[in-house]
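Heads up: the structure comes next, in structure tokens.
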Amino acid sequence: MQARRYDTIARRVGYLARSLVPLSLLFLSGCSAHGLSRQFLLFRPAGPLSAADLRFTILDVAVMLGIIIPTAVMTTYFLLRYRKTRASAAYDPHWSHSNLIEIVVWTIPVLTVALLGYESYKGTYAVNPYDPRMIKTAAPGRAPLAVDVITTDWQWLFIYPQQHIAIANKLVIPRGTPVVFRMTSATVVNDFFIPNLSGMIDVMPGMRTKQVLVADKTGQYKGYSANFSGSGFSWMGFRTHVVSRSGFTRWAQAMEKSPRHLDYAQFNVFAKPTTNTDGKTYAFSQVHARLFDQVIKGVLAGKVYTTRLPPPGAA
Amino acid sequence: MVNVQGPWSPLIGRLSLGAIPDNPIIAGAFLFSAVLGVVILGYLTFGHKWGYLWREWLTTVDHKKIGVMYILIGLVMLFRGFIDAVMMRTQQVLADGPHSPGFLGAAHGYLLPYHFDQIYSAHGTIMILFAATPILVGLMNIIVPLQIGARDMAFPYLNALGLWLTAVGAALIMLSLFLGDFSHAGWVGLTPLTEMAYSPGVGVDYWIWAIQIASVGTTLGAANLIATIIKMRAPGMTWSRLPIFTWTSLSTNIIALTSFPVLGVALGLLGADRYFGTHFFTAGLGGNLMLYADLFWIWGHPEVYFVILPAFGMMSEIIPTFAEKPLFGYATMVAASFAIAGVSWSVWLHHFFTMGAGPSVNTFFSIATMIVGIPTGVKVFNWAFTVYHGRSRFETPMLWAVGALFMLLLGGLTGMMLAMPPINYSVHNSVFVVAHFHTMLMVVIYGIMGAVAYWFPKVFGFKLDEPLGKRFFWFFTAGTIMVFIPMYTSGFMGMTRRLDYIANPALLPFEIAEEIGIGLYVVSVYYFVRQLFVSVRDRASHRVGADAWGSARTLEWLTPSPVPFYNYAVTPRVHARDELVWRREQGLEAATAAHYEDILMPKNTPVPLVIGAFAMTLGFGLVWRIWWLTDASFLGIILTVIARSFVRDTDYVVRAGEVRKIEQGLRGNTPGTGGDGTQGGVGVWRPQESGS
Ligand code: HEM
Ligand SMILES: [Cu+2]
Ligand SMILES: [Cu+2]
């Protein structure tokens with residue numbers, strides 16, 4: 001009950017903040033307010049996961065500003081009022097203790113942390129990437145789409161095991177359908193991040209992490225690796241296309257005709273260190289059903305995709 | 001032993017001519033360093049300064065001089081880290097969007113990715129471990145013994161050893177610029193990127209050994225400071241009268257003593273992977289790379305509190321002095337410092353909420369992290385109530401302290417955001433986090449700058465120039481705002497960290513704002529250097545007496561400025577928490593001792609310097625895998641330590657009559673009384689015959 005009230009307040013404050021922040025930043029750039037505000041990817045959630053992230057951001061900031069602004073004002077006021085050059089102000093050279101103030105200054109942060117701690121507990125469970133309950137509430141009754149994600153040095157491979165297709169450096173998902181990602185890396189740690197759709201989750205070699213998301217709106221969204229993974233890292237972006245469900249079916253059927261196939265041996269060729277400077281994408285059909293597991297197994301058995309020493313002087 | 005890529009020979013290990021980079025930027029840096037080196041060597045040789053340098057600095061065990069050298073190392077490294085920052089900002093503003101220009105062989109901007117990655121890794125490592133840490137250790141070294149009325153540290157010889165080991169770490173990092181390369185895997189050393197398979201060069205090895213050697217020094221220093229505070233307090237200096245800076249030094253060194261060994265283990269195991277081919281942190285063959293993240297941050301989080309607690313202490317000394325009022329809530333401040341130190345041990349996982357731990361684990365660490373915010377918030381309130389009913393003067397140290405307070409508010413806000421996993425998921429590994437911890441590290445830098453301005457006259461006998469100091473402060477603050485506010489903003493636009501090329505051209509306005517901010521920082525550095533220059537030039541007119549600020553409160557302001565090498569002619573008896581205020585109120589401020597006694601002081605020794613030299617060759621040998629050199633250096637260290645253990649004659653006596661002569665000279669040297677026009681500076685009063 002109480003919690004729901006907070007959420008409504010938070011949403012209102014959030015609405016205000018969303019319209020104010022880009023405005024206040026106008027002076028920093030020549031862009032129009034509208035064009036710039038669209039660039040604040042975290043303020044424009046396109047799915048329940050990122051919407052929840054934003055809601056908690058607004059709540060946290062609102063609560064914290066509730067203490068920080070008065071504190072800043074009070075400190076400034078004290079500094080100016082009790083300055084040496086203002087001789088008329090009261091001066092008490094020995095006052096350094098007050099039980100009442102001490103109680104108050106401990107109580108305020110304790111209560112704040114109690115409130116935010118409770119919210120954090122709720123939030124952590126709400127966006128837990130392993131919790132399938134989210135699927136049921138966000139898109140009830142829809143069969144989830146499985147996508148296996150493999151990162152290499154420095155590309156993304158998205159495998160659709162049910163469709164036996166795969167695409168590199170581009171992700172296509174249907175709107176309103178829960179998408180369940182299983183993620184692993186062939187080399188070092190990356191971080192799966194689509195600001196409008198999902199927060200970051202590490203992609204680790206020899207291990208499998210998960211993320212679940214539902215996209216509410218069709219469109220194109222930027223995706224990144226957020227965790228530094230070597231010299232090609234800055235180019236390791238991927239574009240996410242959210243399409244209608246029928247559009248997705250059509251796309252998947254077209255993909256099945258791709259001439260390139262993918263099994264473990266072909267994957268090892270694909271996984272050679274490559275900096276994707278010009279945003280190339282590759283389509284694969286007839287993808288080996290257990291490729292994801294094979295990659296994990298390979299890494300666990302010691303497979304590495306070695307980096308060569310940089311040429312002398314490249315330092 | 002692991003097989004390495006590239007050539008190796010028993011005589012010179014992995015060294016080869018190819019190890020010298022042929023990049024024009026590095027060549028420029030080399031030229032600059034070489035010219036500077038030649039000038040300094042020339043000055044030492046032709047000015048006949050080698051003897052002075054050897055007697056007064058290289059072999060000294062005086063805690064004040066050791067502190068000054070720590071701070072000098074820190075400032076040099078701060079400058080190097082700042083140059084790195086300018087280079088990174090310039091790269092990012094140039095390499096924005098697919099149509100951005102490229103220079104010097106880079107596709108975008110002017111730095112190749114591999115070079116940019118080394119710069120940011122060096123920047124982080126240097127700023128935290130070789131700039132902030134040495135400057136703070138140096139300040140604690142100088143001030144803590146003075147605040148508790150001690151003659152020196154508990155272990156003066158160990159103190160010098162800590163200094164030289166830190167210097168070796170810094171020297172190794174600087175060397176990596178001109179010989180080989182540096183790590184590209186961040187100051188945190190991301191595994192398995194730091195493993196041989198993905199970092200086959202010597203860069204990661206430089207990073208490992210620079211930190212390993214320096215952190216031995218820091219650990220020894222921490223043990224020393226703890227022992228000093230516990231055992232060396234003057235009579236009457238009870239725990240409840242201990243100055244607050246000494247309290248925070250105690251809590252921070254407890255953190256250091258207990259956390260640095262964890263870092264040693266983490267890097268040791270990583271070293272085992274790289275040198276012996278073990279699999280502690282590799283992805284396969286039984287390794288567990290997540291274990292490294294745990295070990296690193298079990299040190300790393302306490303380390304960030306290790307750097308901020310002394311800054312809190314400095315603010316707690318400066319604000320009462322310039323508000324002319326005692327610190328509000330002394331007992332709470334002490335409790336808060338130890339609460340922070342204690343809780344800082346149980347929050348490390350907040351650095352990798354995204355690694356996929358279950359929600360109950362993440363919730364636990366989230367709430368633990370927020371709990372750190374409680375004592376931090378209390379501190380801010382207490383500072384505010386310290387100025388309440390005070391008489392604040394805004395001299396430079398006070399400006400820095402107040403600036404630090406406001407930085408802390410902003411950093412606290414963003415820290416509490418990051419502590420919540422649902423928020424953290426959206427900004428972890430983004431530039432928002434970079435802005436958060438720079439805001440917090442600004443608290444440290446502001447505290448340091450305030451403390452340097454505040455205690456400078458105590459150590460050197462004259463104040464830093466006020467108008468230039470204020471200009472330094474305002475330009476620095478303008479730079480901070482212009483760099484970090486746009487950086488927070490870019491974080492909300494989804495900009496990730498550690499990018500040598502920015503794919504999203506919409507970020508360009510923010511990059512430009514940050515570049516302007518860096519320009520303001522450059523101006524502020526100019527004023528800082530100019531301030532030092534002018535203050536030294538005009539030192540005669542900047543002279544101060546024992547209490548440089550006229551409203552200082554603690555014991556260290558009792559003894560003359562600059563402090564004589566024995567600190568206090570007669571060990572003071574302490575009567576109150578703010579001893580100087582108590583004496584002022586009793587009219588005892590200017591009282592001098594009726595009679596003097598002999599003083600026992602530690603003798604100079606070259607042993608720490610020798611051990612440092614062996615540590616340098618040891619580190620060099622390890623980096624380049626020159627095994628005969630490492631063996632010889634290690635043996636050298638062992639033999640030196642054994643030889644030193646036979647030396648019994650480590651102290652000397654300063655006769656009472658001599659102390660009286662020095663004191664009379666010093667007391668005559670206050671402003672307005674003429675004095676004898678001495679040059680100032682620590683140790684000017686050391687009698688000639690007492691050398692090593
Ligand atoms: C109220 C107190 C604080 C809270 C709640 C807090 C919270 C956090 C959190 C949750 C992170 C992890 C962010 C991420 O990587 O996703 C973080 C990162 C960091 N914080 Fe703080 N922090 C606080 C104070 C400080 C202080 C005092 C310092 C140092 C002076 C500091 C320095 C750092 C650094 C260096 C990092 C990131 C290092 C890296 O990833 O390279 N923080 N902080
Ligand atoms: Cu894992
Ligand atoms: Cu932390």
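Note that this is a predicted model, so its numbers are computed, not measured. Letters go in sequence order (proteins before strands), and every chain restarts at 1.
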Can you tell which part of [X] gets under 4.5 Å to a heavy atom of chain B, answering side chain, backbone, both or neither?
X	result
A:Pro205	both
A:Tyr91	both
A:Asn196	neither
A:Ser198	neither
A:Thr187	both
A:Lys210	neither
A:Ala72	both
A:Phe193	side chain
A:Ile67	side chain
A:Met200	both

Under a 4.5 Å heavy-atom cut-off, does chain A meet the side chain of [X], its backbone, both or neither?
X	value
B:Leu17	neither
B:Thr496	side chain
B:His108	side chain
B:Val581	neither
B:Leu190	side chain
B:Tyr120	side chain
B:Phe322	neither
B:Ser199	neither
B:Phe406	side chain
B:Met495	neither

Only pairs of heavy atoms separated by less than 4.5 Å count here; which of [options] has the most with chain A?
options	result
B:Ala503, B:Pro326, B:Ala323, B:Ser430	B:Pro326
B:Ile512, B:Asn382, B:Leu508, B:Asn504	B:Asn504
B:Gly494, B:Pro113, B:Gly390	B:Gly390
B:Ser360, B:Ala331, B:Gly377, B:Ser490	B:Ser360
B:Val387, B:Asp578, B:Ile374	B:Ile374

How about B:Tyr330: does its OH atom have over 12 heavy atoms from other parts shown lying under 6.0 Å from it?
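Result for OH/B:Tyr330: enclosed.
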Pairs involving residues 68-85 of chain A, ordered by first then second residue, that meet salt bridge (Lys or Arg N to Asp or Glu O under 4.0 Å) (sequence neighbours left out):
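Qualifying pairs: A:Lys84-B:Glu324.
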Determine whether the aromatic ring centres of residues [Y] and [X] are separated by less than 6.0 angstrom.
X	Y	result
B:Tyr114	B:His184	yes
A:Phe40	B:Phe492	no
B:Trp383	B:Phe328	no

Do A:Asp53 and B:Ser426 have side-chain N/O donor and acceptor atoms under 3.5 Å apart?
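Absent: no donor and acceptor within the cut-off.
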Could you tell me which non-hydrogen atom of B:Ser392 sits nearest to which non-hydrogen atom of A:Leu79, and how far apart they are?
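Result for this residue pair: OG-CD2, 4.1 Å.
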